[in-house]
Protein chains: 2
Amino acid sequence: MAARVLTTPRKRPRQERSRDTVEALMIATARVLIEVGYDHASTNRIAETAGISIGSLYQYFPNKEALVAELCKRQGEKEFQILFDQMEQVAPLPLRRAIPELIRAIISAHRVEPKLHKVLMEQVPRVGALKNVRDLERRIGDLLRIQLEARRRQIRPRHLEHAVFILMHAVEAVTHAAVLDNPEYLDSDKLVEELSDLVMRYLVP
Amino acid sequence: MAARVLTTPRKRPRQERSRDTVEALMIATARVLIEVGYDHASTNRIAETAGISIGSLYQYFPNKEALVAELCKRQGEKEFQILFDQMEQVAPLPLRRAIPELIRAIISAHRVEPKLHKVLMEQVPRVGALKNVRDLERRIGDLLRIQLEARRRQIRPRHLEHAVFILMHAVEAVTHAAVLDNPEYLDSDKLVEELSDLVMRYLVP
DNA sequence: TGACGATATGAGCGAATGCTCATATTTTGT
DNA sequence: ACAAAATATGAGCATTCGCTCATATCGTCA
């Protein structure tokens, strides 16, 4: 096994058929990851699942990590979009109504293909995708910060940086744990209420 | 590669020299994991680092996952102990003094060999150690629940199960993120204060 | 239409890894 | 002192995996 360092695509698909190839590879990567996990997801297997030769795979991705990193990026983008849209929606609402809506959105974001989400989250540290995830975290933090700044006079915390850091990680972790390991918590609205309480009480004076 | 399923030790070391062998393997596993990461930590390499033969390794562990799972268990035990001790210490204190102390203890627990902690956390889903971690989570949850029950009349939340779930995951995630990715947040006491605020405000009526 | 770039193919090489097993050494119990 | 049990050894087998490269096919455009 040669040293694997690159995680960026090798070559850009220029014609439509090659774009199809790349799409098929992404879909196959997701399927194989869900089916057998990262360890047993060999590039040969992914290519076979995609119905594409192993050679073609290596035209566009230098290694397995790059495949997974790209998938991470796309999945993250989807989830970010859900959050972004909802942030716009709740901007005019008062805090006590905005917060539950946002939390619901975060749960929804985690529920986009939850099995894939889970595998990717588990493998993120191992592929070069950490940078992507950090970027995403930063962008989500920025969104949140903008919301908090707009409501600066109504909220208690002075150091927005700390507030963003704490709220973001706290809500993300609880949501993550609920969606992936305790889905029964999501049957009722209780968890949303409790999480909203946590956030509200931290924010209001 | 044969199918690897067992993650429990094969044989119990009965004599002292074999207990030494197992200890050496644990230490070597930790070292190699920190040095080269899970993927490049081969059993041959671990045995070599431990200064024992590969055959001996397989006398006590059926595969690499079992080695890492055992290490996870031990590390978790250490961290649990820190929490357990501090829980006893703060039991007689009023909430506003108990909470910051507990949070400090959690940070300390994360700081026991943080590099090892990080690698293990990343790899937990891949080894059979998930069960160990779940157990640990449950035991920590139990500790927390006992504390909350003892103070039942002073706190607001009625559903202790939800409260435990939320507080545990929230504090753990923020601590984890701070220790592993933003250690500068720990230079001052600011994060402890803010986290304490989060918890206090959620708990008090 | 023809020629060149883009894309696709897949057999197979080289390297690494997990793990066994036949053998040797040490400890224990009597 | 000696037999049996426990423990240790490491060469090497079987397998897998990542990846290349020589070759073939397709798309585009003058």
Side-chain angles (χ1 to χ4, degrees), chain A residues 1-26 28-29 32-33 35-70 123 126-128, chain B residues 1-26 28-29 32-33 35-70 123 126-128:
Chain A
M1 198 196 315
R4 282 178 292 159
V5 277
L6 295 173
T7 55
T8 46
R10 273 193 162 159
K11 170 198 294 193
R12 291 208 146 189
R14 317 178 92 80
Q15 301 178 358
E16 183 143 1
R17 62 178 168 153
S18 56
R19 260 174 266 129
D20 289 349
T21 299
V22 171
E23 286 316 301
L25 282 173
M26 285 292 101
T29 304
V32 174
L33 276 182
E35 278 169 14
V36 303
Y38 185 88
D39 285 344
H40 298 291
S42 66
T43 48
N44 284 304
R45 184 164 191 162
I46 290 171
E48 194 181 7
T49 301
I52 277 171
S53 86
I54 182 65
S56 293
L57 186 155
Y58 280 97
Q59 298 260 339
Y60 302 104
F61 298 95
N63 50 50
K64 182 161 88 169
E65 294 184 6
L67 276 166
V68 179
E70 175 66 19
Q123 304 305 337
R126 310 176 55 218
V127 301
Chain B
M1 198 194 315
R4 282 178 293 157
V5 276
L6 296 172
T7 55
T8 45
R10 275 189 160 162
K11 172 198 294 193
R12 291 208 143 191
R14 314 178 96 80
Q15 302 177 357
E16 181 143 0
R17 59 177 168 152
S18 55
R19 262 175 263 128
D20 289 350
T21 299
V22 171
E23 286 316 300
L25 282 173
M26 285 292 100
T29 304
V32 173
L33 277 182
E35 277 169 15
V36 303
Y38 185 89
D39 286 345
H40 298 290
S42 68
T43 48
N44 283 305
R45 184 163 191 164
I46 289 171
E48 194 181 7
T49 301
I52 70 165
S53 85
I54 182 67
S56 294
L57 185 154
Y58 280 97
Q59 298 256 345
Y60 303 103
F61 299 95
N63 50 51
K64 182 162 87 170
E65 295 183 6
L67 277 166
V68 179
E70 175 65 18
Q123 303 305 337
R126 309 175 56 217
V127 301

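Chain A is the first sequence line, chain B the second, and so forth, proteins listed ahead of strands; every chain is numbered from 1. A quick note: this is a predicted structure, and the numbers were derived from the prediction, not measured.
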May I ask you to evaluate whether [X] reaches the phosphate of [N], defined as a side-chain N or O under 4.0 Å from OP1 or OP2?
| X | N | value |
| --- | --- | --- |
| Thr21(B) | dA8(D) | yes |
| Ser56(B) | dT7(D) | no |
| Ser53(A) | dG10(C) | no |
| Lys64(A) | dC17(D) | no |
| Thr43(A) | dG18(D) | yes |

Can you tell me the distance, in whole Å, between the [atom1] atom of [X] and the [atom2] atom of [N]?
| X | N | atom1 | atom2 | answer |
| --- | --- | --- | --- | --- |
| Gln59(B) | dT23(C) | CD | C1' | 13 Å |
| Leu67(B) | dT17(C) | CG | C1' | 14 Å |
| Tyr38(B) | dT17(C) | OH | P | 13 Å |
| Tyr58(A) | dT7(C) | OH | P | 19 Å |
| Asp20(A) | dA6(C) | CG | C1' | 14 Å |
| Arg19(A) | dC26(D) | CZ | P | 19 Å |
| Glu48(A) | dT9(C) | CD | P | 13 Å |
| Phe61(B) | dA8(D) | CZ | P | 12 Å |

First locate atom [atom1] of [X], then atom [atom2] of [Y], and finally report the distance between them rounded to the nearest 0.5 Å.
| X | Y | atom1 | atom2 | answer |
| --- | --- | --- | --- | --- |
| Asn44(B) | Leu57(B) | CG | CG | 8.5 Å |
| Tyr38(B) | Lys64(B) | OH | NZ | 5.0 Å |
| Phe61(B) | Met26(B) | CZ | CE | 3.5 Å |
| Ile46(A) | Ile52(A) | CD1 | CD1 | 11.5 Å |
| Tyr60(B) | Thr21(B) | OH | OG1 | 5.5 Å |

Students often get this wrong, so: under 4.0 angstrom with heavy atoms, is Ser42(A) touching a base, only sugar-phosphate, or nothing?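 Sugar-phosphate only.
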Identify whether any heavy atom of Leu57(A) sits under 4.0 Å from a base atom; if not, whether one sits that close to sugar-phosphate; answer base, sugar-phosphate or nothing.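 Contact class for Leu57(A): none.
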Could you check which of dA8(D), dT20(C), dC19(D) has an atom nearest any side-chain atom of Asn44(A)?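 For Asn44(A), the side-chain atoms sit closest to dC19(D).
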Side chain of Tyr60(A) only, heavy atoms from C-beta on: which candidate in dA8(C), dA8(D), dT20(C) is closest? dA8(C)
Let me spell it out: for each of Ile54(B) and Ile52(A), pick the nucleotide of DNA chain C with the closest heavy atom. Which residue's pick is nearer the 5' end? Ile52(A)
